[in-house]
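Report on the structure given below.
Only a predicted model underlies this, so the values are computations on that prediction, with no experimental measurement involved. Counting begins at 1 with the first residue of the sequence.
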Amino acid sequence: MGWFGETMDSVKSIQIRQALSQALTLGLIVTSALIIWKGLICMTGSDSPVVVVLSESMEPGFARGDILFLHMSEDPIRAGEIVVFNVDGRDIPIVHRVIKVHERKDTGEVYVLTKGDNNKDDDRALYARGQHWLQRRHIMGRAVGFLPYVGWVTIIMTERPIIKYILIGALGLLVITSKD
């Protein structure tokens, strides 16, 4: 009969109560993850409290695949801080160091200039056309901690989507065929 036949027999033998129990468990897991994520957003003040470093631009401080934990407070941004920011017209956030801060005395608005530690030039070439400084609205948060290399899982699944689909399929099959 083989593995496939046994798997199909196992799927057929699941009772409705067991299927509902598994669906409820899966729903609770997903709901718990969302609640934790929303809680982190509230506690950190950042729309994305966790980001993965996607390039080598911050080496040697942060390597590609490091996970950064962000926090955004009302404290003034200072030169030397590592911030994560979005640029108008780009979807992927950038992790770089603040190298200059400019505050307008008349309005109190703060403008910052950033640069990757491993880059030769500042980030003005990355900003939107005609933009020379970042405003506070562009900044998602300040880096307050990191886990080295843990983000490689995300990078691999993004760069090789087939791996993501295989993992999702295997987990789904595991949920369907579990006897508990």
Test E159 against R64 for salt bridge (charged side-chain N to carboxylate O under 4.0 Å, His left out), laying out the working first. CA-CA 13 Å; E159 291 179 353; R64 185 170 192 237; 2.3 Å; yes
Classify the side-chain pair S46/H71 by whether it contains a donor and acceptor separated by less than 3.5 Å. no
Under 3.5 Å, is there a donor on one side chain and an acceptor on the other for N119 and S57? no
Between atom [atom1] of [X] and atom [atom2] of [Y], what is the distance when rounded to the nearest 0.5 Å?
{"X": "W37", "Y": "C42", "atom1": "CH2", "atom2": "SG", "answer": "12.0 Å"}
{"X": "H132", "Y": "D122", "atom1": "NE2", "atom2": "CG", "answer": "10.5 Å"}
{"X": "R97", "Y": "I99", "atom1": "CZ", "atom2": "CD1", "answer": "10.5 Å"}
{"X": "I94", "Y": "T114", "atom1": "CD1", "atom2": "OG1", "answer": "7.5 Å"}
{"X": "D121", "Y": "L126", "atom1": "CG", "atom2": "CG", "answer": "10.0 Å"}
{"X": "N118", "Y": "H96", "atom1": "CG", "atom2": "NE2", "answer": "9.0 Å"}

Heavy-atom pair with the smallest gap, counting every atom of [X] and [Y]:
{"X": "I41", "Y": "P49", "result": "CG1-CD, 3.8 Å"}
{"X": "V101", "Y": "V110", "result": "CG1-CG1, 3.6 Å"}
{"X": "V53", "Y": "I155", "result": "O-CD1, 3.7 Å"}

Hey, any chance [X] and [Y] share a hydrophobic cluster, counting ILVMFWY side chains that come within less than 4.5 Å of each other, even indirectly?
{"X": "I92", "Y": "M157", "answer": "yes"}
{"X": "I36", "Y": "V30", "answer": "no"}
{"X": "L167", "Y": "L173", "answer": "no"}
{"X": "V150", "Y": "W152", "answer": "yes"}
{"X": "I166", "Y": "I168", "answer": "no"}

Could you label the plane-to-plane angle of the W133 and H102 rings as parallel, tilted or perpendicular, counting under 30° as parallel and over 60° as perpendicular? tilted
Go through I82 and F62 one step at a time and tell me if the side-chain contact (heavy atoms from CB on, under 4.5 Å) criterion holds. CA-CA 10 Å; I82 296 169; F62 298 114; 3.1 Å; yes
L113/L134 under side-chain contact (heavy atoms from CB on, under 4.5 Å): CA gap, chis, key distance, verdict: CA-CA 6 Å; L113 179 63; L134 293 175; over 6 Å; no
Is atom [atom1] of [X] surrounded by more than 12 heavy atoms (other residues, nucleotides or ligands) closer than 6.0 Å?
{"X": "D106", "atom1": "CG", "answer": "yes"}
{"X": "R136", "atom1": "CZ", "answer": "yes"}
{"X": "L28", "atom1": "CG", "answer": "yes"}

Tell me, with the steps shown, if V83 and V112 meet side-chain contact (heavy atoms from CB on, under 4.5 Å). CA-CA 10 Å; V83 296; V112 298; 5.7 Å; no
Looking at V52, I67, V51, which hits side chain to side chain contact (heavy atoms under 4.5 Å, CB included) with T154? V52
From the options M72, M140, H138, select the one residue that forms a side chain to side chain contact (heavy atoms under 4.5 Å, CB included) with V84. M140
Salt bridge or not for K115 and D123, using N-O below 4.0 Å? no
With a 4.0 Å cut-off, would you call R137 and D88 a salt bridge? yes
Does any part of the side chain of T44, heavy atoms only, come nearer than 4.5 Å to the side chain of L70, both counted from C-beta? no
Do L68 and V95 make a side-chain contact, defined as non-hydrogen atoms from C-beta onward lying under 4.5 Å apart? yes
Would you say the ring centers of F69 and F146 fall short of 6.0 Å from each other? no
